[in-house]
Amino acid sequence: MALSSVGKCFSSFGLFGRTLTGTEAKAVCCYHKKVVDHYENPRNVGSLDKNARNVGTGLVGAPACGDVMKLQIQVDENGKIVDARFKTFGCGSAIASSSLATEWVKGKSVDEALKIKNTEIAKELCLPPVKLHCSMLAEDAIKAALADYRLKQKDEEKVAEAVN
Amino acid sequence: MMSRSVTRKLLGSIRGVSTSARLNCPGAPASAPAAQRGRELIKSRELEKDELRPLYMDFQATTPMDPRVLDAMLPYQVNYYGNPHSRTHAYGWESETAMEKARKQVADLIGADPREIVFTSGATESNNMSIKGVARFYKARKKHVITTQTEHKCVLDSCRVLESEGFDVTYMPVKSNGLIDLQQLVETIRPDTSLVSVMTVNNEIGVKQPIKEIGTICRSKNVFFHTDAAQAVGKIPINVSELKVDLMSISGHKIYGPKGVGALFVRRRPRVRIEPLQSGGGQERGLRSGTVPTPLAVGLGAACELAQQEMEQVFLLGGKTCKAKLTKQKLFICYDHARVSMLATRLVQKIMTEIPDVVMNGDPDQRYPGCINLSFAYVEGESLLMALKDVALSSGSACTSASLEPSYVLRAIGTDEDLAHSSIRFGIGRFTTEEEVDYTAEKCIQQVRRLREMSPLWEMVQEGIDLKSIKWTQH
């Protein structure tokens, strides 16, 4: 049964997490050390104030699918992303993908961040084919956060025009 | 001591497997010599000195062999190695004697006659034999088979094969506590039903089906009753005559016996006829041809005998073992079932008192206590397993199954999809200690708290948002 075979796999995972070094000497079902690293020491977990005018929030995925990512970005006046935070309901690869996404968007401009592709995330974390959807969701989260930020800026402009 | 060519082939095949499994990652060692890489691969799988192994809490997947079973098996591996079907010399005779002794031990555990036990390669083969065998034998007049939606995959797949052969199969639904509705079963049985198959104890959620009642119904309607008792044999008392069971599958490696062996109980009175799956020399009464693996059969027999003893062993304070009933003296009851129940209650209570929003899947009373399936809301199962990396556990989450579908058993009992993604199965067995249970509970509580801090769903619930009211981006 899938459960039992994965159960056996996970029992050996405890060894792999500690014994393996840089080589790719592992079976397909066990985690790459980069994923483990992001999972154990996730960067940028948390929340920003979602009502602030320079914060964009992207919420993608569905609990029924087992993957929900919330990614928030804080943008300064020059259009550069200065801070990013994430929260994820998902497997180890999903957590690692969103953690990596927050690392990569920091310091980029809003337009540059749009260019981040899921294939790059997957390559960096060495995600197996069955986990590629996690990287796609991370890319969607980035785009959703940027879209939300854009929307907020447009609303601000409309309000400013109306006042004037 | 292996010859050079064999070593080269072995390393070459290991290398072959790893290369195909390897992803195209930057930083891959491009040109290490082949034999060196092979050795590295072998070494990386061995434990470092003083490396700690994870705690084993997955007793439904498999169980370690009881050392007493190993003791029983060893002589038959190297000394008494004859083929039990050899009629003409002492090697065969002694092997046959051992095989028949094992048969009796298995039969005694379930209250059967030794002539009703057939040795197989495991519960999967036993299930295949009974379902396909009975259905095909009686196919001239009976074309209907009934099973449940929570059966083991081998039962469901055998039924699927029967469907493609032209049989009618009804997969009965289960109630939200995992038990089947007896009234619905009575209504589903047709005049042309040949077999009903319901497992005794479910391997994922641990619920115990009302086998006695189902047996009575089937007997009254003249329908054969098969039960997959792989998770139940040796753990709860079973008597095939009381339960009115006609076919029963037994698995060796679930009851602290060897892997690769099982048994099938086939009732003789009233006789159940089966069309054999495996053809050959007619061993095992023609039902399962092939040499019976004597060491494995002896192991299974020993495991069954031990299980029977351990199920009901009573110690008097003072040390003498006896099977006395409770007398005025205080008796310290120390059998497997009581111990497993105690540990299970300990684990569940510890976890459920410390963290909120934990759901136990399956009926709380009609269950085998050693199999606990808990859903931790707002935390995904695979990430929790990764966090509990020094405990060997299993999950009903999609990510841990090859197909990204959550467990079909959890879906059949009507668990919400997001809870199905959050489930973890804890297995407790004969060799689990209180320290292991305490450590697992502590670690679980700690990690669930940490993962909930990282979870957007938990955050939303804390803010008072109803998750069911949100329109998610995917369906």
Side-chain angles (χ1 to χ4, degrees), chain A residues 1-28 31-32 35-36 39-40 42 45-47 59-70 86-95 123-124 126-128 130-131 133 140 144, chain B residues 18 21-23 25-29 37 40-41 44-45 47-48 51 53-54 56 58 60-62 152-153 203-204 378-380 382-383 385-387 389-404 406-407 416-418 421 425 453-457 459 467 472-475:
Chain A
M1 239 190 112
L3 269 181
S4 54
S5 64
V6 172
K8 282 192 206 115
C9 182
F10 272 101
S11 66
S12 54
F13 166 69
L15 315 170
F16 285 154
R18 265 169 281 192
T19 54
L20 287 178
T21 52
T23 54
E24 282 77 19
K26 53 186 76 59
V28 176
Y31 291 100
H32 194 267
V35 173
V36 175
Y39 175 79
E40 310 228 300
V45 177
S47 290
L59 181 66
V60 295
C65 297
D67 263 318
V68 177
M69 287 185 196
K70 186 182 84 156
F86 83 97
K87 279 202 174 184
T88 298
F89 165 84
C91 59
S93 304
I95 293 175
K123 194 164 175 203
E124 174 65 23
C126 297
L127 292 180
V130 69
K131 293 289 181 194
H133 66 281
D140 286 345
Chain B
S18 72
R22 191 174 305 185
L23 303 158
C25 295
R37 235 185 299 149
E40 271 169 23
L41 282 168
S44 68
R45 275 166 170 71
L47 281 170
E48 304 269 302
E51 176 75 68
R53 295 175 73 94
Y56 191 71
D58 200 13
Q60 278 67 43
T62 187
H152 193 267
K153 277 255 172 80
N203 56 320
E204 277 199 46
Y378 321 119
V379 170
E380 211 265 342
E382 206 206 7
S383 60
L385 285 182
M386 217 168 141
K389 62 176 183 249
D390 41 4
V391 184
L393 292 165
S394 184
S395 154
S397 150
C399 290
T400 59
S401 80
S403 71
L404 295 182
S407 147
D416 282 338
E417 290 233 10
D418 52 339
H421 281 283
R425 177 184 73 183
E453 290 303 308
M454 277 172 62
S455 166
L457 302 178
E459 189 187 36
L467 292 179
W472 299 103
T473 55
Q474 291 166 12
H475 52 89

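So you know, we letter chains A, B, ... as the sequences are listed, proteins then strands, and number each from 1. Bear in mind that the values here come from a model prediction, so they are computed numbers and not experimental data.
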| field | Beyond-backbone contact of A:Pro63 with B:His421, side-chain heavy atoms, under 4.5 angstrom | value | no
| note | Rounded to the nearest 0.5 angstrom, the OG-NZ distance for B:Ser455 and A:Lys70 is 10.0 Å
| Are any of the side-chain heavy atoms of A:Ile95 and B:Ser383 separated by less than 4.5 Å? | yes
| Note, A:Pro42 side chain near B:Met454 side chain (heavy atom, < 4.5 Å) | yes
| field | Which portion of A:Val68 sits near chain B, non-hydrogen atoms under 4.5 angstrom | value | both
| task | Determine, step by step, whether A:Leu59 and B:Trp472 satisfy the side-chain contact (heavy atoms from CB on, under 4.5 Å) criterion, reporting the C-alpha distance in whole Å, the side-chain angles of both residues, the deciding distance to 0.1 Å, and the verdict. | result | CA-CA 8 Å; A:Leu59 181 66; B:Trp472 299 103; 4.0 Å; yes
| field | Residue pair B:Leu457 / A:Phe89: nearest heavy atoms and the distance that separates them | value | CD1-CG, 3.5 Å
| field | Heavy-atom closest pair, residues A:Val36 and B:Met386 | value | CA-CE, 4.1 Å
| request: Please identify each residue that fulfils salt bridge (Lys or Arg N to Asp or Glu O under 4.0 Å) with B:Asp418, with sequence neighbours left out. | output: none
| field | Sequence-distant partners of B:Glu453, salt bridge (Lys or Arg N to Asp or Glu O under 4.0 Å), two or more places apart | value | none
